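As structure tokens, the structure follows; a few thoughts come after it.
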2 protein chains.
Amino acid sequence: MTASQALHLWHNTALKLVHSDGPDLTLRQMSILLHIYLVPPPHTVRGLAAVLGVTKPVITRALDSMGSLGLVRRTRDERDRRNVIIQRTVDGALFLENLGDIVVEEARGLPL
Amino acid sequence: MTASQALHLWHNTALKLVHSDGPDLTLRQMSILLHIYLVPPPHTVRGLAAVLGVTKPVITRALDSMGSLGLVRRTRDERDRRNVIIQRTVDGALFLENLGDIVVEEARGLPL
DNA sequence: TCCGAATGATACGGTAGCGAAACAATCGTT
DNA sequence: AACGATTGTTTCGCTACCGTATCATTCGGA
């Protein structure tokens, strides 16, 4: 894959995401969501903050937003009640499934 | 490319963008920037609004933001002074060059 | 039991985005 | 010259995000 192809792929995919009337996630929110769904659990606020290199309130806010969108769910860790375990949802999985399909589709139609 | 690979590609790239202390562009801003640099000129506010499917103030605001970041430049169209021509800059080209390199690099290291 | 450490949430002031509507400048036509 | 159409910008009220600092809860060891 060349740099030019990569930019066209990013361009076409971003454009489709803008066109779709789905939720309008920040780059950070997108990163968090992808991390939760692609990396084996458990996921905590502190862990995500470390991985993303951002402060904890950023994670809390992102979980608030995506939680009210139904993309993610919070549960207390019963073994250490200070922790919050972030869990996947059906809607979140569908959302990312759709994203993956868009990327694949755009990659297929790329100029050589 | 499989959907899983696509998601990993998106994940790794988004993560690198979050880590980098570069400008934090919205998905819409990213779309606009890519369009300006990948599609032959001329580019106008109205044209971009139509392509993105958003209102004109969205484009004006995005150009304000990215203009002050040096990623984009505005010029009056002297043949029809109602139009504003959006032009590329060296910094904008460098920014996207870097993005392309990140995507290519991440695509290379993808799990099979 | 008590006290420091750790985790996540909240408060605060500031910035930036949004859509809808109104505005200013310019053009083309009459 | 005058008028309507077109283009881009601005304004308005609103929502959401940011980092810093602080708070509440919980844990674990002295």
Side-chain angles (χ1 to χ4, degrees), chain A residues 14-15 17-36 41-87 95, chain B residues 14-15 17-36 41-87 95:
Chain A
L15 200 55
L17 288 177
V18 170
H19 280 151
S20 83
D21 49 355
D24 189 19
L25 300 187
T26 302
L27 190 65
R28 288 175 169 191
Q29 293 172 338
M30 187 72 86
S31 284
I32 293 170
L33 193 62
L34 282 162
H35 197 84
I36 293 168
H43 301 292
T44 65
V45 172
R46 170 148 187 85
L48 288 172
V51 168
L52 278 263
V54 299
T55 59
K56 289 188 292 178
V58 169
I59 306 295
T60 296
R61 279 189 295 258
L63 294 179
D64 288 344
S65 305
M66 296 193 292
S68 71
L69 288 170
L71 301 176
V72 127
R73 198 158 43 87
R74 270 187 273 214
T75 311
R76 276 280 162 201
D77 181 358
E78 289 304 330
R79 315 200 323 160
D80 182 344
R81 294 186 49 77
R82 287 174 300 181
N83 290 330
V84 161
I85 305 292
I86 295 107
Q87 290 176 308
F95 176 81
Chain B
L15 200 55
L17 288 177
V18 170
H19 280 151
S20 82
D21 48 355
D24 189 19
L25 300 187
T26 302
L27 190 65
R28 288 176 169 190
Q29 293 173 338
M30 186 72 86
S31 283
I32 294 170
L33 192 62
L34 282 162
H35 197 84
I36 293 168
H43 301 291
T44 65
V45 172
R46 170 149 187 82
L48 289 172
V51 169
L52 279 262
V54 298
T55 59
K56 289 187 294 178
V58 169
I59 307 295
T60 296
R61 279 188 295 257
L63 294 179
D64 288 344
S65 305
M66 295 192 293
S68 71
L69 288 170
L71 300 176
V72 128
R73 198 159 42 89
R74 269 187 275 213
T75 312
R76 275 282 162 200
D77 180 359
E78 289 303 331
R79 316 198 324 160
D80 183 344
R81 293 187 49 78
R82 287 173 301 181
N83 291 331
V84 162
I85 306 292
I86 295 106
Q87 291 177 306
F95 176 81

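Quantities reported herein were computed from a predicted structural model and do not represent experimental measurements. Chain letters run A, B, ... following the sequence lines, proteins first and then strands; every chain starts at 1. Scope of the values below: all heavy atoms of this structure, side chains included, with no hydrogens, waters or symmetry mates.
- In the set C:dG19, D:dC18, D:dT10, C:dG19 carries the atom at the smallest distance from any side-chain atom of B:Arg61.
- Distances shorter than 4.0 Å separate some side-chain N or O of A:Ser65 from OP1 or OP2 on D:dC17.
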**OP:** Kindly indicate, with the supporting measurements, whether the criterion side-chain contact (heavy atoms from CB on, under 4.5 Å) is fulfilled by A:Val72 and A:Ile36.
**Re:** CA-CA 9 Å; A:Val72 127; A:Ile36 293 168; 3.7 Å; yes

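- Side-chain proximity of B:Arg46 to C:dA9, D:dT7, D:dT9: nearest is D:dT7.
- Taking all atoms of both residues into account, the shortest heavy-atom contact from A:His19 to B:Leu52 is CD2-O, 3.3 Å.
- Between the CG atom of A:Asp21 and the C1' atom of C:dG19 there is a distance of 16 Å, rounded to whole Å.
- Of the residues near DNA chain C, A:Asp24 and A:Pro57, the one whose nearest nucleotide (by heavy atom distance) lies more toward the 5' end is A:Pro57.
- Under the 4.5 Å side-chain criterion, counting only non-hydrogen atoms from C-beta, B:Asp77 is not in contact with B:Thr44.
- Using a 4.5 Å heavy-atom threshold, the side chains of A:Thr75 and A:Val84 count as separate.
- The interatomic distance linking A:Arg74 (CZ) with C:dA9 (C1') rounds to 8 Å, in whole Å.
- The distance between atom CG of A:Leu25 and atom P of D:dA16, rounded to the nearest whole Å, is 13 Å.
- One atom, CD1 of B:Ile86, and another, P of D:dT7, lie 13 Å apart when rounded to the nearest Å.
- Atom pair B:Arg82:CZ and D:dT9:C1' shows a separation of 15 Å (rounding to whole Å applied).
- Here the side chains of A:Asp24 and A:Gln29 are not in contact, with every heavy-atom distance at 4.5 Å or above.
- Computed from coordinates, the A:Leu63 CG to C:dG8 C1' distance equals 10 Å when rounded to whole Å.
- Between A:Ala62 and A:Glu78, the one whose closest nucleotide on DNA chain D sits nearer the 5' end is A:Ala62.
- Distance from the side chain of B:Arg81 is smallest to C:dC27 among D:dG8, C:dC27, C:dA9.
- The shortest distance between the side-chain N/O atoms of B:Asn83 and the OP1/OP2 oxygens of C:dT26 is not below 4.0 Å.
- Heavy-atom distances to DNA chain C give each of B:Arg76 and A:Arg76 a nearest nucleotide, and the one nearer the 5′ end belongs to A:Arg76.
- For the pair B:Thr26 and C:dG17, the criterion of a side-chain N or O lying under 4.0 Å from OP1 or OP2 is not met.
- Not one side-chain nitrogen or oxygen of A:Gln29 sits closer than 4.0 Å to the OP1 or OP2 atom of D:dA16.
- To the nearest angstrom, P of C:dG19 lies 5 Å from CZ of B:Arg28.
- Along DNA chain D, the nucleotide nearest A:Asp77 and the nucleotide nearest A:Val54 are compared for position; the residue whose nucleotide lies closer to the 5' end is A:Val54.
- For D:dG8, the OP1/OP2 oxygens have no side-chain nitrogen or oxygen of B:Thr60 closer than 4.0 Å.
- Protein atom CG of B:Leu52 is 11 Å distant from nucleotide atom P of C:dG19, rounded to whole Å.
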